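Below is one structure, written out as structure tokens, with a few remarks after it.
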Number of protein chains: 2
Amino acid sequence: MSEPIPLDLARLRRSCVECSLHALCMPAGVDAQDLAHLERVVPRRRPLARGDVLFRTGDPLGAVYVASEGSFKTVAVTPAGEEHVLGFHLPGELFGLDAVGSGQHRCEAVALSDARVCELPFNQLAQVAAQVPSLQRQLLRIMGQSADLDHDHVDVLARRQASERIALFLHGLGERLRRIGRPADDFQLPMSRDEIARYLGLVLETVSRGFSRLHEDGVIEVRGRRVRILDARALQAAASGCEGDDLPPQRRRSPG
Amino acid sequence: MSEPIPLDLARLRRSCVECSLHALCMPAGVDAQDLAHLERVVPRRRPLARGDVLFRTGDPLGAVYVASEGSFKTVAVTPAGEEHVLGFHLPGELFGLDAVGSGQHRCEAVALSDARVCELPFNQLAQVAAQVPSLQRQLLRIMGQSADLDHDHVDVLARRQASERIALFLHGLGERLRRIGRPADDFQLPMSRDEIARYLGLVLETVSRGFSRLHEDGVIEVRGRRVRILDARALQAAASGCEGDDLPPQRRRSPG
DNA sequence: CGTCGACTTGACTAAAATCAAACCCGGTGG
DNA sequence: CCACCGGGTTTGATTTTAGTCAAGTCGACG
């Protein structure tokens with residue numbers, strides 16, 4: 001910050017340890033020495049305005065991203081011109097790995113609000129990972145976790161009842177919010193009804209009706225994008241397709 | 001090649017080069033020396049009968065798999081007891097990476113027919129990849145390609161018209177068959193209508209009707225599991241939702 | 001205070017699920 | 001050789017569900 005040292009620890013702290021990706025990388029045991037290597041990745045921070053496009057379909061694989069503030073969506077446009085939302089990316093969640101397979105992005109990433117994003121050049125990341133075993137393990141794990149999110153999406157989309165998809169979406173979003181240290185049962189949706197619909201393979205009216213129904217049933221409270229989960233158990237029941245039943249046959253712990 | 005070397009190239013040839021995974025690994029330039037390293041992974045071959053389970057939900061990450069003969073499906077059971085098919089895996093296609101993120105499998109893999117499968121211990125694979133840069137690149141790429149298949153699945157499931165999902169499924173299957181060196185327009189489905197339905201988020205009757213409709217329209221020929229694609233262009237049109245239109249409005253390059 | 005965009009709600013239509021019955025085909029055994 | 005199964009598949013009739021079209025309502029913002 002003051003001395004002309006090209007890469008110092010202070011800068012590293014700012015660039016990685018403080019970053020929300022930190023929570024993703026560190027737990028599995030990356031030590032200080034490894035961090036010194038990681039620094040070579042020199043992530044860059046960028047501010048974006050709502051609606052700004054971070055990368056476009058067809059862009060060559062350049063970097064992967066983590067928002068430190070704000071959320072993103074990734075969307076793909078079908079040949080017929082319909083827009084599918086492939087994912088929502090909350091602060092601290094990695095995205096952009098979709099280009100690793102083919103070398104170019106399969107979708108475009110758009111800021112859902114004003115945002116600040118951390119950009120990690122993928123090639124450097126891979127190069128460093130090749131030299132530091134613990135980082136390689138982490139990189140593989142992170143790619144796997146990213147695939148897990150896609151599987152979750154498939155799980156939602158394969159439900160045939162719109163109400164299940166909607167309930168599952170809300171539940172899943174809550175879980176992810178919890179994971180990044182935010183209240184899981186009281187939050188502001190970063191996306192519109194239309195975007196939720198395009199994520200769930202529905203039309204926006206159906207999503208709206210689904211929300212209203214959950215509201216009527218006392219499961220959630222909704223006003224615009226403000227959502228409060230009143231009865232998490234009932235929400236899970238709705239997600240499992242047990243509409244009328246209050247008690248899904250699924251029991252977790254001791255009945256206490 | 002003639003000496004009693006415990007791990008010789010001849011064996012390697014049998015275990016990898018001849019393997020259908022070979023097509024996946026080699027093109028990007030893994031040279032002979034790298035192959036010598038790869039050999040340390042010592043894949044094991046296993047014969048399975050139709051219906052046999054290769055791994056189950058919750059099993060710890062042990063290996064990834066490639067069928068040399070026969071096909072597999074991966075399925076997940078929802079809390080409500082419904083079975084979702086997450087993927088079909090043709091000979092030569094890698095599967096089992098779903099455990100990389102969490103350390104345990106999220107689904108179970110079942111043989112759709114009598115099969116022979118090649119088992120690659122993942123940890124050894126990662127370890128070898130860490131030592132051979134070109135293999136590390138390949139491993140990352142393969143994981144990325146595996147994620148691409150999930151994206152394709154999402155693309156299909158997000159379609160709201162059953163006819164689109166079905167047409168897209170057939171088209172995609174054809175493409176994958178072509179990739180493994182089989183005719184893309186005349187094949188035997190390795191899975192039942194019910195399994196297709198559970199992959200597409202539909203019921204089996206809807207899939208059956210979809211096939212019949214494509215047959216009536218002269219797009220395909222179906223008899224049981226035997227499928228012949230008569231009009232690939234019309235199939236793609238159907239996949240894009242242009243039911244009646246013969247020419248999808250999809251134009252790529254200069255309008256000529 | 002008015003306007004615009006996002007959201008909700010309602011009435012109607014189209015599509016897929018459900019329920020139920022046949023059908024086809026490969027295999028078995030008489 | 002043919003009758004008879006039985007699973008997987010097709011097809012039909014009906015019900016349920018989500019999509020479509022069209023008003024409204026809400027709320028933020030100028």
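Within every chain, numbering begins at 1; the chains are lettered A, B, ... in the order of the sequence lines, protein sequences first and strands thereafter. Every heavy atom of this structure was used, including side-chain atoms; hydrogens, water molecules and symmetry mates were not. This one's a predicted model, so the numbers in the text were calculated from it and none came from an experiment.
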request  = Keeping to residues at least two apart or across chains, list the salt bridge (Lys or Arg N to Asp or Glu O under 4.0 Å) pairs with something in residues 54-73 of chain B.
outcome  = E69(B)-R116(B), K73(B)-E83(B), K73(B)-E195(B)
Side chain to side chain donor-acceptor pair (under 3.5 Å) against R165(A), all qualifying residues, sequence neighbours excluded = none
message = In whole Å, I'd like the distance from the NE2 atom of H215(B) to the C1' atom of dT11(D).
response = 15 Å
Any pair counted as ring pair (Phe, Tyr, Trp, His ring centres under 6.0 Å), so long as it reaches residues 154-182 of chain A, sequence neighbours left out = F169(A)-Y199(A)
query = Of all residues at least two apart in sequence or in a different chain, which pass the side chain to side chain donor-acceptor pair (under 3.5 Å) check with D150(A)?
reply = H151(B)
key: Nucleic acid footprint by protein, nucleotides 2-16 of chain C - heavy-atom cut-off 4.0 Å, B for base, S for sugar-phosphate alone   = -----SBBBB----S
key: Nucleotide dC26(D), atom C1' - distance to CZ of R226(A) in whole Å   = 17 Å
inquiry  = Rounded to whole Å, please give me the gap between CG in L214(B) and P in dT9(D).
reply    = 16 Å
request  = Output every pair passing side-chain hydrogen bond (donor to acceptor under 3.5 Å, both in side chains) with a member in residues 179-191 of chain A, not counting sequence neighbours, ordered by first then second residue.
outcome  = D186(A)-R226(A), Q188(A)-R226(A)
